[in-house]
There are 2 protein chains.
Amino acid sequence: MQTWMGQPDLDEIDVATVLQALADPMRLRIVRLLDQVEESTCTALDLPVKVSTVSHHVNVLRHSGVVSTRIEGTARPSRLRRDDLERRFPGLLSSILAATPPKA
Amino acid sequence: MQTWMGQPDLDEIDVATVLQALADPMRLRIVRLLDQVEESTCTALDLPVKVSTVSHHVNVLRHSGVVSTRIEGTARPSRLRRDDLERRFPGLLSSILAATPPKA
DNA sequence: CGGTAATTACGATGCTAATCGTAATATTGC
DNA sequence: GCAATATTACGATTAGCATCGTAATTACCG
């Protein structure tokens, strides 16, 4: 039996809250990293900010409904809620992850 | 011949910038209004903030690539860049506009 | 049990941005 | 030209938040 951290149900996810969560550059970077590695903890993510800051960002992402987090000992591996988001906002996350950098 | 206000080309639109623009509640409200009325000026939008603030928000939306603005006398009617955004980030804007409010 | 590691809680700080009020600019109509 | 209207430019204020450092918590391991 797995233990999970608190997160909004599918019906509770608000698009404005999700947009606010994804608007921060560091959080968008975290989302892109999780897209590549599928699952990661705060310390395993290679980011140019302190771990306490990463923890804060991951919490924001979880409360908004973007990621879900398991409890595994002292570690808290998180992953994208791909299926949930696709069901709630079809095309939203996938278009963001597929977005190419601007040419200018 | 129409005159337009400056806006980024299709290839220059950055998804992070768009997300930052859409993250603000008032701007998201403006986007939803423009989705309904197709085109509107700052003063015609019924919003609980001063017109100078609305003007500021519309400028942010235009610089990010979300809306385009015509110059028509002293008026600056704006509309969503639906087709451009759909081409650049397929499904992004449409999923946001189609999003239902959370049940909780 | 003691040490280490992962995460979070908390307070502080500094920067960004939302909002406002006012003034300036531009255009239309009389 | 003059008045009225739409928009913007500008400065000021204020609130929110990203980040940090440190301390506290929890779990694993020898």
Side-chain angles (χ1 to χ4, degrees), chain A residues 1-7 14 16-34 37-79, chain B residues 1-7 14 16-34 37-79:
Chain A
M1 177 58 184
Q2 287 253 46
T3 313
W4 300 82
M5 305 210 57
Q7 65 176 33
D14 177 31
T17 308
V18 169
L19 290 174
Q20 283 181 56
L22 297 177
D24 181 78
M26 198 59 62
R27 286 197 288 266
L28 188 57
R29 193 163 160 179
I30 293 174
V31 168
R32 289 196 169 117
L33 282 176
L34 289 179
V37 303
E38 283 302 322
E39 191 179 61
S40 179
T41 62
C42 288
T43 43
L45 290 172
D46 187 34
L47 291 168
V49 288
K50 297 300 170 187
V51 186
S52 60
T53 304
V54 179
S55 174
H56 163 69
H57 283 315
V58 172
N59 280 329
V60 172
L61 289 172
R62 187 179 60 258
H63 285 119
S64 73
V66 176
V67 306
S68 64
T69 307
R70 290 189 298 129
I71 298 182
E72 196 180 76
T74 60
R76 307 291 145 98
S78 299
R79 57 175 58 202
Chain B
M1 176 60 184
Q2 289 251 44
T3 313
W4 300 83
M5 305 210 55
Q7 65 177 32
D14 177 30
T17 307
V18 170
L19 290 174
Q20 284 181 55
L22 298 177
D24 182 79
M26 199 58 62
R27 286 196 289 265
L28 187 58
R29 196 163 158 178
I30 293 174
V31 168
R32 289 196 170 117
L33 282 176
L34 290 178
V37 302
E38 283 303 319
E39 189 178 63
S40 178
T41 63
C42 287
T43 43
L45 291 171
D46 187 34
L47 292 168
V49 289
K50 298 300 170 187
V51 186
S52 59
T53 304
V54 178
S55 175
H56 163 69
H57 282 314
V58 172
N59 280 328
V60 173
L61 289 172
R62 186 179 61 257
H63 285 120
S64 72
V66 176
V67 306
S68 65
T69 306
R70 289 190 297 129
I71 297 182
E72 197 178 77
T74 60
R76 306 292 143 98
S78 299
R79 55 175 60 203

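All figures in this text were calculated on a predicted structure; none of them were measured in a lab. Proteins get letters first, then strands, A, B, ... in listed order; numbering begins at 1 in each.
- Computed from coordinates, the B/Glu72 CD to C/dA26 C1' distance equals 15 Å when rounded to whole Å.
- Atom C1' of nucleotide C/dA6 and atom CZ of A/Arg70 are separated by 14 Å, given to the nearest angstrom.
- A/Arg76 has no side-chain polar atom (N or O) that falls below the 4.0 Å cut-off from OP1 or OP2 of D/dT26.
- Put simply, CG on A/Leu47 is 10 Å from P on D/dT19, counting in whole angstrom units.
- The distance between atom NE2 of B/His63 and atom C1' of C/dA17, rounded to the nearest whole Å, is 16 Å.
- Atom-to-atom distance recorded for A/Gln20:CD and B/Asp24:CG is 8.0 Å, nearest 0.5 angstrom.
- In this structure, CH2 of B/Trp4 is placed 15 Å from P of D/dT7, rounded to the nearest angstrom.
- In this structure, A/Ser55 reaches the C/dT8 phosphate: one of its side-chain N or O atoms is under 4.0 Å from OP1 or OP2.
- C/dT7 atom C1' lies 16 Å from atom NZ of A/Lys50, rounded to whole Å.
- If you check D/dC20, C/dT7, D/dC17 against the side chain of A/Gln20, the one that comes closest is D/dC17.
- Taking atom CG of residue B/Asn59 and atom P of nucleotide D/dA6, one finds them 17 Å apart after rounding to whole Å.
- Listed candidates were C/dA6, D/dT7, D/dT19. Nearest to the side chain of B/Thr41 is D/dT7.
- Relative to the side chain of B/Ser52, the nucleotides D/dC20, D/dT19, C/dT22 differ in distance, and C/dT22 lies closest.
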Q. When you look at A/Val67 and A/Arg62, which way does the side-chain contact (heavy atoms from CB on, under 4.5 Å) test go after all the steps?
A. CA-CA 5 Å; A/Val67 306; A/Arg62 187 179 60 258; 3.9 Å; yes
Between A/Leu47 and A/Leu33, is a side-chain contact (heavy atoms from CB on, under 4.5 Å) present by the stated rule, with each step listed? CA-CA 10 Å; A/Leu47 291 168; A/Leu33 282 176; 3.8 Å; yes
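- The only member of A/Asn59, A/Thr69, A/Val51, A/Ile30 that meets side chain to side chain contact (heavy atoms under 4.5 Å, CB included) when paired with A/Cys42 is A/Val51.
- One can place CZ of B/Arg29 at 10 Å from P of C/dT19, the figure rounded to the nearest angstrom.
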Show the numbers, then the answer: is there a side-chain contact (heavy atoms from CB on, under 4.5 Å) between B/Val60 and B/His56?
CA-CA 6 Å; B/Val60 173; B/His56 163 69; 3.8 Å; yes
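- Contact annotation for B/His57: backbone-only contact, meaning every heavy-atom pair under 4.0 Å involves sugar-phosphate atoms and none involves a base.
- Using a 4.0 Å heavy-atom cutoff across all strands shown, B/Thr43 reaches sugar-phosphate atoms only and no base atom.
- Note on A/His56: a side-chain N or O is less than 4.0 Å away from OP1 or OP2 of D/dA18.
- Nearest-nucleotide assignment on DNA chain D puts the 5′-proximal partner with A/Val51, out of A/Val51 and A/Thr74.
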